[in-house]
Every structure is written in C-alpha cells, then in structure tokens.
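What follows is a short report on a single structure.
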Amino acid sequence: MEQYIIKGGSPLVGEVEIGGAKNAALAILAAAIMTDDTVLIDNLPDVNDINVMLEAISGIGATVQRIDRHTVKINGTGIHDLNIEYDYIKKIRASYYLLGALLGKYKRSEVALPGGCNIGSRPIDQHLKGFRALGAEVDIDHGKIVAEAEHLLGTHLYFDVVTVGATINVMMAAAMADGTTIMENVAKEPHVVDVANFLNSMGANIRGAGTDVIKIKGVKSLHKTEYSIIPDQIEAGTFMFAAAATQGDVTVLNVIPKHLEATISKLVDIGCEVEEFDDAVRVVAKRRLKNTQVKTLPYPGYPTDMQPQIGVALALSRGTSTITESIFENRFKYLDELARMGAVIKVEGSSATIEGVERLSGARVSAPDLRAGAALCIAGLAADGITIVDDIVYIQRGYERFEEKLRDIGGLIERVSSEKDIQKFRLKVS
Ligand code: UD1
C-alpha cells in the first residue's frame, strides 16, 4: 500500500501547471462514442479515473488510441456491447455517463447501478427522471439500470435538484432525440458547459449551457471533432489553498480565472493576496489567515469539491469559522483526521465549527476520499513535523503527478511503500 510522507512547515513557493478537468473529461470521453467518426481529445488529465473510463469504453468495443499522456483518439464504430460491467461502475461512478451516451446513440443501454460512495448517498433519480421524460423505459433489473426507447422524443423537463451528473447525462441523450428538449433548473458548472461545447463541436445543437435553462434540438447523427478539455478548477483551487495554508506564494498556470471566482473570493476573505492574469492566478499568504463562514453550493457558489481544502486553511486561521456542507452529507470525515493533527473542530449535522489554532502537528492520517485526501496533504505540508497519509489511492484517482507538482513548489513530500522508504525520507529531511 502506498502512502505519502510529508515534512511540513515550509511555505510553498513557485508555479504549478494545471491539467485538464477530470470531471469534464469523464463525461466527454463517454460522449465521444456517440459518433462513428474518430474523435481526438486533448488536455486529458492522466489520472486513474480517466484510465478506468477509457477501459470501460474499450471494454464495450470502442477503439481507444492513446496518442500521448494527454491525448486520445476514440472511435465508437465497433461498439458491440451496450452493457457496462459492474467492475467499472464500482471503480468510477461517472461511468453512468455511458447510460446517456449509449441511450442517445443506440436507444438502449445497460449500466450496473452505481454503488454507494463515501461522500454521502448519491441518488440517480434525476438521471432516470430525465431519460423517462425523453420517452425511454427505464427499469432496474438485477442491480442494473436498463434504459430503452423506440424513439427518444424531445421534452420539457424540470430537475427537482440541481445536479451536474443528471444535467450532463440527460443532455447527452437529448442531443440525439427527435425534436427539442428544454431542461430547467440545470447545473451551471464549467464542465456542463464544456460537455455542451464538445457535443456542439460534433454537430449537436445545444444552447444555454451555463445558465439555468438548456435547450437542445436533437440531431440524427454526430460527427468527428478535435477538442481540448478545460482546465481543472478543483486542481487549481487545491494548489491555491496549499499556498494559503503554508503561508506561501503560488501561481497556478493554465487556468480560467472566471471559473475560480468563488475560491478566489474566499481566499481574499481569509486574508490572502490574489492576483489574476489572463490564464493564471497568483495566491500570496503573507500573514496568519483570518476566519470566515463558507457554505458549499452549486456553481457559481463555493464548490463542495473545495470544502476540505478550505477546512484545512481555516483550522490554521485566527478565530472561529463555520463550514456548511449543503451538497453531500458525508463530507466531514477528514475533520476527524485533522483533529488528530491538533485542529479544534465540532461537527453538528451539516455544519462544522472550527476554532483556528496556530499550528498543526504531523500525524498519521488516512484519506477518506479524493478531495479530502488532497486536503490532508496540504495539512501535512503546513504542519510541524512528519505526516503520513494512508489510502492515497483516492488522491491518485483525480490528481496527476500530485506529489511531483508539490515538490516543484518546495513541498517535502514523497510517495512511499515500505518502512525502509519512510526511514530514508526521515533521514533525508532531518
Ligand atoms: C459531480 C462531481 C463531484 C462533485 C459534484 C457536485 C463528477 C464525476 N463528480 O458529482 O466531484 O462533488 O458534481 O459538484 O463530475 N442528486 C439527487 N438525485 C440525482 C442526482 C443528484 O438527489 O439524480 C443530488 C446529490 O445527492 C447531491 C446533489 O444532487 O446532493 C448534487 O449532485 P450532483 O451534482 O449530481 O453530483 P455528481 O454529478 O454525482
């Protein structure tokens, strides 16, 4: 089992290149099989979740040709199987995007029901509601969702909750339905817009992505395209909070500052200096951070995927802060780990009260999920002494070369897999 070992206490300083958005890429890879032409996708992050999605696509018969680490060619002509195996869905929830993609293209798909995830219960009722509204028959059969339609027909649909997954999934199916679909109360996240742009570049007719209402005129077929995925706002935000928590000075490169507004606003609230450039953002933390209140909300609100990262910064700030998690109910598990490093935290329901402390001290902690895992690494980099983070497989699902990028800005962090490696690191940093 691999772990990260970290020697904290030094500010992170320098520049970090941000990769393509994982969550946009997962949906775009699924959508890429909706044409029989070859699609070229660039700025793909090289992370485990993406590799699993590529395996799932080739598992059903699509051709996947890796051009380089961040570029892939996909051709969906050879798809012979409309059934996504349990193994894939178990590894990445986002393989449910193949439900919408296959239903749109072939009017039939079968995907194993996604299992529970560790950030809270994650229902898919809104995905199914959307497919049904398009005229598909949707059944749950032996643990599988089977969606089928003679014809998909455009519809007028109102989502009961704002959901990224359902917005994208139903948008994909509707892109190849007969007639016009209007979806209201949709998610406005940058990756919803990116998937719409990608589909439009293949000949779909989708308008309004990024607003509350998306209008889709169905088309008969989609065609080839070459597409570059947007930068990952969560990876960028993670490094920005790493700068804040370590009293550092970090510039994230290759970002769209507009996508980072909620994150930037909170960094300014807690006393950081933030400088925006065309495609870069610099975060400087010169003095001890200040307390604040934060509530996670759908975009353009503060992202739930950035909640643990701000939690770490607030644990080190002056005064009392509160965090309210309004998207997923089980996203505070990292706070128990943080408490083991000396943070003073009280959780009640969906709110956490944090009394800032002057220092955290290194401890052995374990990553409860992807973003919380990254946040615990930030805590380790800010803390006195040595921190060991277990279960880093979560972090590898969504961050490319995480420890290398941190090392490039002065982080003392290494991936280790044995007691000997740990001793070697201790000797090196002592
Ligand atoms: C996506 C992201 C995840 C991020 C989340 C919110 C991917 C692969 N994952 O997850 O990193 O944290 O958006 O920005 O892109 N809900 C329902 N019924 C549904 C679907 C969702 O009630 O059918 C609820 C969920 O329980 C949650 C809320 O809607 O409370 C938002 O979920 P959603 O936006 O769908 O998240 P995901 O797409 O799963």
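Counting convention: from 1, in listed order, for ligands and their atoms alike. What you see below is based on every heavy atom in this structure, not just the backbone, and it leaves out hydrogens, waters and symmetry mates. Remember, it's a predicted structure, so these values are computed and weren't measured experimentally.
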Sub-4.0 Å atoms of ligand 1 with respect to non-hydrogen atoms of Arg331: 12 (O)
Evaluation steps, side-chain contact (heavy atoms from CB on, under 4.5 Å), between Thr38 and Lys224: CA-CA 5 Å; Thr38 298; Lys224 70 177 176 185; 5.6 Å; no
Proximal atoms of ligand 1 relative to Asn23 (non-hydrogen, under 4.0 Å): 2 (C), 3 (C), 7 (C), 8 (C), 9 (N), 11 (O), 15 (O)
Glu404 CD: over 12 foreign heavy atoms closer than 6.0 Å: yes
Heavy-atom gap Pro303 to ligand 1 smaller than 4.0 Å: no
Ligand 1 contacted by Ile168 (non-hydrogen, < 4.0 Å): no
Polar contact flag, side-chain donor to acceptor under 3.5 angstrom, Glu325-Thr296: yes
Which segment of Phe328 sits under 4.0 Å of ligand 1 when only heavy atoms are counted: side chain
Min N/O separation Pro123 to ligand 1 under 3.5 Å: yes
Contact with ligand 1 for Tyr96, non-hydrogen, under 4.0 angstrom: yes
Glu110 with Arg108: basic N within carboxylate O range, under 4.0 Å: yes
Side-chain donor-acceptor pair present, His191, Gln233, cut-off under 3.5 Å: no
Donor-acceptor side-chain pairing of Ser317 and Asn291 below 3.5 angstrom: no
Proximal atoms of ligand 1 relative to Gly165 (non-hydrogen, under 4.0 Å): 35 (O), 38 (O)
Element-labelled atoms of ligand 1 that are located less than 4.0 Å from some non-hydrogen atom of His127: 23 (O)
Any side-chain donor near an acceptor of the partner, Asp194 and Tyr227, under 3.5 Å: yes
Nitrogen or oxygen of Thr163 less than 3.5 angstrom from that of ligand 1: yes
Lys/Arg-Asp/Glu bridge criterion (N-O < 4.0 Å) met for Lys105, Asp36: yes
Distance filter under 4.0 Å to Ile124 heavy atoms, resulting ligand 1 atoms: 19 (C), 23 (O)
Contact partition for Asp125 relative to ligand 1, non-hydrogen atoms under 4.0 Å: both
Atoms in ligand 1 flagged as close to Asp305, the criterion being non-hydrogen separation under 4.0 Å: 3 (C), 4 (C), 11 (O), 12 (O)
Within-cut-off N or O pair, Ala166 and ligand 1, under 3.5 Å: no
Lys405 side chain vs Glu17 backbone, donor-acceptor pair below 3.5 Å: yes
